[in-house]
Amino acid sequence: MTGIVDSARLAGVISPLRRALLSAARAAGDLPEIPDSQIQVIRALPSGTALAPSDLAEALHLDRSTVSNLLASMQRAGLVERRPDEADGRRVLVTTSERARALFTAYDRASTRILGESLETLAGDDLTSIAAALPALERLLCALLSAHDPSLPRATEERSTS
């Protein structure tokens, strides 16, 4: 069944699309460039979430030393905060800073506006196709994520419960 979709072509569109959107959002919002690895850390720590560096490394499928280096540079940039774990004083928990949350809000606003403006330039048939593809793309994202994290539902499980 996968022969219906040219996966190389899809991959060739997704990466440049994502990079173009990030670049346009940075320019439109006069926002700093945040490396992808740091963006992944911030995404893994939504507002109100605190994780130990080891748990973060596991969630991101990265070595602990890599996460430790990322967190050190992010702390210097004011993107994360560390605090002792109240339940276990030997552990440290990491959260996103107010600055990181504000930057992500600004990125989200800018990218939403830019996507909206770009969508307005497309023909109605293209808009209909993109709208129809969104649920399948969401399931594809779920399938990609669950391939790396068995605790997440599989795309077929998600579809059957929807």
Salt bridge (charged side-chain N to carboxylate O under 4.0 Å, His left out) assessment of Arg43 paired with Asp36: CA-CA 10 Å; Arg43 285 193 193 286; Asp36 272 352; over 6 Å; no

Exam field: side chain Asp88 to backbone Arg90, donor-acceptor pair closer than 3.5 Å: yes

Close side-chain approach of Val13 and Arg18, heavy atoms under 4.5 Å: no

Whichever hydrophobic residues join Leu31 through chains of side-chain contacts under 4.5 Å: Ile34, Ile39, Val41, Ile42, Leu45, Leu51, Leu56, Leu60, Leu62, Val67, Leu70, Leu71, Met74, Leu79, Val80, Val94, Leu103, Phe104, Tyr107

N/O donor-acceptor pair under 3.5 Å between Arg99 side chain and Ala77 backbone: yes

Side-chain heavy-atom pair Gln75, Arg82 within 4.5 angstrom cut-off: yes

With Asp30 via side-chain contact (heavy atoms from CB on, under 4.5 Å) - residues at least two apart: none

Inter-residue atom distance Glu120.CD - Glu117.CD, 0.5 Å rounding: 7.0 Å

Exam field: side chain Ser15 to backbone Gly12, donor-acceptor pair closer than 3.5 Å: no

CA sep, side-chain torsions, deciding dist, call: Thr95, Arg83, side-chain contact (heavy atoms from CB on, under 4.5 Å): CA-CA 8 Å; Thr95 61; Arg83 62 177 167 78; 4.3 Å; yes

Ala143 backbone acceptor or donor facing Ser146 side chain under 3.5 Å: yes

Non-hydrogen side-chain atoms of Ser73 and Gln38 separated by less than 4.5 Å: yes

Exam field: side chain Arg64 to backbone Pro53, donor-acceptor pair closer than 3.5 Å: no

Side-chain donor or acceptor of Ser97 paired with backbone N/O of Gly78 under 3.5 Å: yes

Leu17 reachable from Leu115 in the ILVMFWY side-chain graph, under 4.5 Å edges: no

Remaining members of hydrophobic cluster (4.5 Å side-chain criterion), Leu93: none

Heavy-atom side-chain contact between Leu119 and Asp126 under 4.5 Å: no

Flag, side chain of Asp6 to backbone of Arg9, donor-acceptor distance under 3.5 Å: yes

